[in-house]
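A short write-up of the structure that comes next.
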Amino acid sequence: MTVAYVCVAALLVLSVAAVRHGRPAISVPAVITVLATAGWNLTRAVRGPEDHGPSLIAAISILTVEMAAVSFFVLCRRLVLGRWRGPAWMWIAMVWFSTATFVGMLPAMGIIAEGQDYRESPVFLAHLVYSFGFLGAAVLTLNMRQHDQSRHVRRFIIAAETAALLTVTFQVVEPSLTSIIAAVIALLAVWTTAHPGEWSRSASRADRLLDSIGVFIFVVDCDGRLRDWNGPAASLLELTGTQPKRGLNLSKTLGIAPTFVDGLAIRLEIQHGTLRTALSVHQVDPLARNGDLVLMFRPVRSSVESSSFPVVSGELQGHDPATQTLGRKAAVELLQRSAEDGTPVLRLEVTSRADRRPDEVMFLLARRIEARSVEEGWPEMALARLDTWTFVGPLLDPDRIIGRRARYDDLGLDVNLSVHRRLPSESAAAFTRRVEEDLEDGTATAQGG
């Protein structure tokens, strides 16, 4: 058995050369797992399979077992959850427990009598509970990804669970072979360091991430300093370790060139992952010199480790996350109130001359209307998004509407305008339905051609 222990220890030490260090958060605990397991086998070789008395070598052996179990647990948490570090109290408790069991195994402490089998002592029982508790916690963590679409992830989970089960089984039926079986877990840790992308870019993980991100929207001044942002944009900044605030230098924070170029492909290195985005740049008011810019970062591909981006709005006002205006529910309520109060309603139906995302188009139009509301003829109007391509709003001053059509050539948009008023015999529900379908009432006009 001594030769077997030495060979396994040598194999584990040599396997360290195969560890890939692309993601230190994974490779570091993997290396610790391998070296601790190698130390476990080496101490078994020095002691021999029949040496069950308390000693310094036995104490070191117990310490290496606990290090292997804890480091494998940390590895699994980071594989599944990304940048997991654990609370400070947990690390303090682990150091304290390992120190206590190490000292308790020393003959000088007298906890285990000389000649007594240490495997029957309370120190060893506490050690078993501690070590196999972390091993079980690691397996439970891996179970969170057992249905992952990545083949490597599924294979690793099955292999790790099988090896963990065999380790526990041999500890019960043949303890002398436990360290050799546990070496399989350490080799699996080495194997998975070569596939970090499978854990962070698996199909299901990427789909959930991209669905939740939506579009990162920043409003910056001419110097690139932050003025406004939406919820996903705030989360993007938080991943870089920065809290969003007005006046923040966005170029420096995201590590991109200070000149924002429309259509540019930008790679954002955040949270040990890469987020590839397409940048759209638009002026809030194209007639203003050195005016504010709207920067829209649309995700293309991601290896970011977090999928916790919110889909609700952040600093910008509104209930429709894409346009930062009132949403459909508020739009329907607005139509009903306007019908009851007799307030005319302006309906804006948008047509894009290019194949573009509706959310991007409608966001830009909403910002333009806010910036040039007086010139366009609808001051102090609260916009609400009725459907994908339609805004509505209460028209407090109908005489200010200057035409049935508006063109935004720089945005590539055409906007049809129509003013709707409730007819004397018309119910609020009928009025709401008519505005939704843009049906003429025979009397409502747009005050111009």
Side-chain angles (χ1 to χ4, degrees), residues 7-38 40-41 65 67-84 131-171 177-211 271-274 301-307:
C7 290
V8 170
L11 175 63
L12 290 172
V13 172
L14 292 174
S15 71
V16 173
V19 174
R20 297 294 179 265
H21 297 278
R23 281 179 58 190
I26 291 177
S27 62
V28 170
V31 169
I32 296 175
T33 301
V34 171
L35 294 180
T37 307
W40 180 11
N41 279 273
V65 173
M67 289 178 60
V70 170
S71 56
F72 183 67
F73 168 75
V74 173
L75 171 67
C76 293
R77 296 291 288 182
R78 291 180 177 177
L79 285 172
V80 174
L81 302 178
R83 294 182 66 183
W84 183 86
S131 300
F132 286 115
F134 273 107
L135 183 60
V139 170
L140 291 177
T141 301
L142 291 175
N143 277 336
M144 297 169 61
R145 296 284 291 273
Q146 62 180 330
H147 299 299
D148 199 283
Q149 295 188 19
S150 167
R151 181 178 297 178
H152 167 78
V153 172
R154 296 196 306 273
R155 287 177 174 176
F156 177 85
I157 292 173
I158 293 174
E161 290 177 343
T162 302
L165 179 61
L166 289 175
T167 301
V168 176
T169 302
F170 274 88
Q171 178 61 38
L177 296 178
T178 304
S179 62
I180 295 177
I181 302 302
V184 176
I185 298 178
L187 294 175
L188 288 173
V190 173
W191 175 47
T192 201
T193 60
H195 302 270
E198 298 292 333
W199 292 94
S200 61
R201 288 197 300 267
S202 62
S204 60
R205 189 177 182 86
D207 288 345
R208 289 195 304 270
L209 177 64
L210 295 179
D211 287 345
Q271 205 186 48
H272 298 292
T274 300
R301 188 179 181 188
S302 175
S303 65
V304 181
E305 299 173 2
S306 172
S307 57

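Count residues from 1 along the sequence.
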Heavy-atom pair of closest approach, residues [X] and [Y]:
X: Arg78; Y: Pro29; value: NH1-CD, 4.0 Å
X: Leu75; Y: Ala189; value: CD2-CB, 3.5 Å
X: Ala38; Y: Ala9; value: O-CB, 3.5 Å
X: Ser27; Y: Val19; value: CB-CG1, 3.8 Å
X: Ala69; Y: Phe134; value: O-CB, 3.9 Å
X: Val190; Y: Ala18; value: CG1-CB, 3.9 Å

Side-chain heavy atoms of [X] within contact of [Y], under 4.5 Å:
X: Val74; Y: Arg77; answer: no
X: Leu135; Y: Ile185; answer: yes
X: Thr178; Y: Thr167; answer: yes

Using 0.5 Å steps for rounding, measure from the [atom1] atom of [X] to the [atom2] atom of [Y].
X: Phe156; Y: Glu161; atom1: CZ; atom2: CD; answer: 10.0 Å
X: Met144; Y: Leu142; atom1: CE; atom2: CG; answer: 10.0 Å
X: Thr141; Y: Ile157; atom1: OG1; atom2: CD1; answer: 10.5 Å
X: Met67; Y: Ser131; atom1: CE; atom2: OG; answer: 12.0 Å

| message | If we check side chain to side chain contact (heavy atoms under 4.5 Å, CB included) with Val31, which of these qualifies: Val28, Thr33, Leu35? | response | Leu35
| task | List the steps and the verdict of side chain to side chain contact (heavy atoms under 4.5 Å, CB included) for Val153 and Leu79. | result | CA-CA 10 Å; Val153 172; Leu79 285 172; over 6 Å; no
| field | Backbone of His21 reached by a side-chain donor or acceptor of Arg23 within 3.5 Å | value | no
| task | Can you run down the side chain to side chain donor-acceptor pair (under 3.5 Å) pairs that involve residues 182-193, sequence neighbours left out, and say none if there aren't any? | result | His152-Thr192, Thr192-Trp199
